[in-house]
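Structure first, then comments.
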Amino acid sequence: MSMHFDIIHSMELTRPADPRSLPALTLAYLGDTVYDLYVRTVLAETLRLPMRALHLEAAKHVCAAGQAAAYRRIAELLTEDEQAAFRRGRNAHSGTVPKHADVREYRVATGLEALLGHLYLLGEDARIGELMRHALAVTNSSEKEPES
């Protein structure tokens with residue numbers, strides 16, 4: 001699957017020279033959208049389901065538990081810089097946690113989102129694609145996610 005961020009990257013937007021200059025939760029805000037777009041694109045391309053079923057399937061992946069599981073599948077693939085971006089997001093405190101989310105999973109999910117936001121702002125679309133292929137590998141196979 002190839003994503004089409006070229007249009008967005010070509011816009012005359014003011015970008016920070018270094019994503020590390022942005023607050024971690026701002027990176028997570030952007031990364032949440034990147035993650036959601038990848039999940040929905042993969043599901044739309046691979047599953048032929050009614051809209052409600054497609055939405056319910058997407059919800060399994062974009063929740064804190066789904067994102068934490070996705071992070072565990074890519075953790076060993078991250079560079080030092082990517083690990084630092086993840087840690088910034090994981091350690092950021094938003095002040096709230098959704099009532100149906102485990103606090104630890106929520107923080108890991110925020111870390112993953114910050115990592116994706118960081119890579120997105122750097123224009124590292126190919127790297128995002130590589131990581132997302134690994135993160136969503138269970139979606140595209142008959143394997144079940146191991147219990148944690």
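For clarity, every value in this text was computed on a predicted model and none was experimentally measured.
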Closest non-hydrogen atom pair between [X] and [Y], with its separation:
X	Y	value
D125	Y38	O-OH, 3.9 Å
A24	A92	CB-CB, 3.9 Å
L112	Q67	CD2-O, 3.4 Å
T110	G89	CG2-O, 3.4 Å
A28	E113	O-CB, 3.4 Å
A114	A85	CB-O, 3.8 Å

Test side-chain contact (heavy atoms from CB on, under 4.5 Å) on L136 and Y35 and set out the steps. CA-CA 10 Å; L136 300 176; Y35 185 82; 4.0 Å; yes
Roughly how far, to the nearest 0.5 Å, is the [atom2] atom of [Y] from the [atom1] atom of [X]?
X	Y	atom1	atom2	result
S21	L27	OG	CG	8.5 Å
E45	T41	CD	OG1	6.0 Å
L131	L115	CG	CG	6.5 Å
E76	Q83	CD	CD	10.0 Å
H93	L25	NE2	CG	9.5 Å
I128	L119	CD1	CG	5.0 Å

Mark yes or no for whether [X], through its side chain, and [Y], through its backbone, hold a donor-acceptor pair below 3.5 Å.
X	Y	answer
E105	A68	no
N91	R87	yes
T26	L22	no
Y120	T33	no
E57	L54	no
R48	A44	yes
R133	G129	yes
R73	A135	yes

Test side-chain contact (heavy atoms from CB on, under 4.5 Å) on R40 and H55; report intermediate values, then the result. CA-CA 8 Å; R40 290 173 186 270; H55 172 72; 4.1 Å; yes
Starting from L56, can I reach L43 by hopping between I/L/V/M/F/W/Y residues whose side chains sit under 4.5 Å apart? no
Side chains of R20 and H118 only: does a donor on one sit below 3.5 Å from an acceptor on the other?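 The answer is no; no qualifying pair exists.
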